Amino acid sequence: MVSRSEVLSLCRAMLRAGRQYPHYNLREYTKRRTLDGFRMNNTDQSKVNEAYAEAKAQLVVLERSVKFHSLYPPKTKNIMEVKLQ
Amino acid sequence: MASLSTTSLSFKAPSTRISQVLRKGSSFQSVTFGRFTSSTSKSLRLQISCAAKAETVQKVSDIVKEQLALTADTPLTAESKFTALGADSLDTVEIVMALEEKFNISVEESDAQNITTIQEAADLIEDLVQKKPAA
């Protein structure tokens, strides 16, 4: 049985990894998706172990993906990141 | 207790000096010890670092309000617990992440799991901001 703190640290690790994308859209998506994913699986206690294992695999994929995407960072700043004047 | 805080020379943060002196085991223990000693001489500490604290607390409250989608007039004191405001543990993780980004600091796992009120978050942030330029 995974403990509550393990789940929280996994969530934190995923959020931290997602922050490293140079692309605005990927950053926002991973943040939204991890939080939604963790909240969805919160309710069903029997599936917690499965969900945890899945999330761990996704974390590995995420870290690898961050490295790939950093190879070709976007050249211009995304319009969503520009402050309104 | 009083002598400890008065011998701390740094104007901004007597708590970091105390925690450095008493650092024995994990950093978390020394941080709480620092908080205990400073709480007994609270009035002195408030005089020294009042301005920074209030501003940090205000920024933290703003972020919390935004994350938890609270209305502008909900009473938000420094001692409000996140759980009292309707946040579950995932919300707390999100809030800590947002605070990390805002203040450009990196919160450790053990510290992050023990944040329950706004004041604690502000204290931790102050500590980390102090330590960062020194490192």
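The sequence lines fix the lettering, A, B, ..., with proteins before strands; numbering per chain opens at 1. Just so we're clear, the structure is a prediction, and the values are computed from it rather than from any experiment.
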Within a 6.0 Å radius of atom CD on Glu6(A), are there more than 12 heavy atoms belonging to other residues, nucleotides or ligands? yes
Atom pairs and distances, side-chain donor-acceptor, residues 47-65 of chain A, under 3.5 Å, sequence neighbours left out:
from, atom 1, to, atom 2, distance (Å)
Lys47(A), NZ, Asp44(A), OD2, 3.2
Asn49(A), OD1, Val2(A), N, 3.2
Ser65(A), OG, Tyr21(A), OH, 2.6

Side-chain donor/acceptor pairs under 3.5 Å, residues 84-105 of chain B, sequence neighbours excluded:
from, atom 1, to, atom 2, distance (Å)
Asp88(B), OD1, Leu90(B), N, 3.3
Asp88(B), OD1, Asp91(B), N, 2.9
Asp91(B), OD1, Arg39(A), NH2, 2.6
Asp91(B), OD2, Asp88(B), N, 3.2
Thr92(B), OG1, Asp88(B), O, 3.1
Glu94(B), OE1, Arg39(A), NH2, 3.2
Glu100(B), OE1, Arg16(A), NH1, 2.9
Glu100(B), OE1, Arg19(A), NH2, 2.8
Glu100(B), OE2, Arg16(A), NH1, 2.8
Glu100(B), OE2, Val107(B), N, 3.2

Contacts of Ser9(A) that satisfy side-chain contact (heavy atoms from CB on, under 4.5 Å) - sequence neighbours left out: Glu109(B), Gln113(B)
With a 4.5 Å heavy-atom cut-off (strictly below), which parts of residues 66-82 of chain A touch chain B? List them by number. none
Same hydrophobic cluster for Leu128(B) and Val57(B), using side-chain heavy-atom links shorter than 4.5 Å among ILVMFWY? yes
Give the cluster check for Leu8(A) versus Leu68(B): same hydrophobic cluster or not, with ILVMFWY residues linked at side-chain heavy-atom distances below 4.5 Å. no
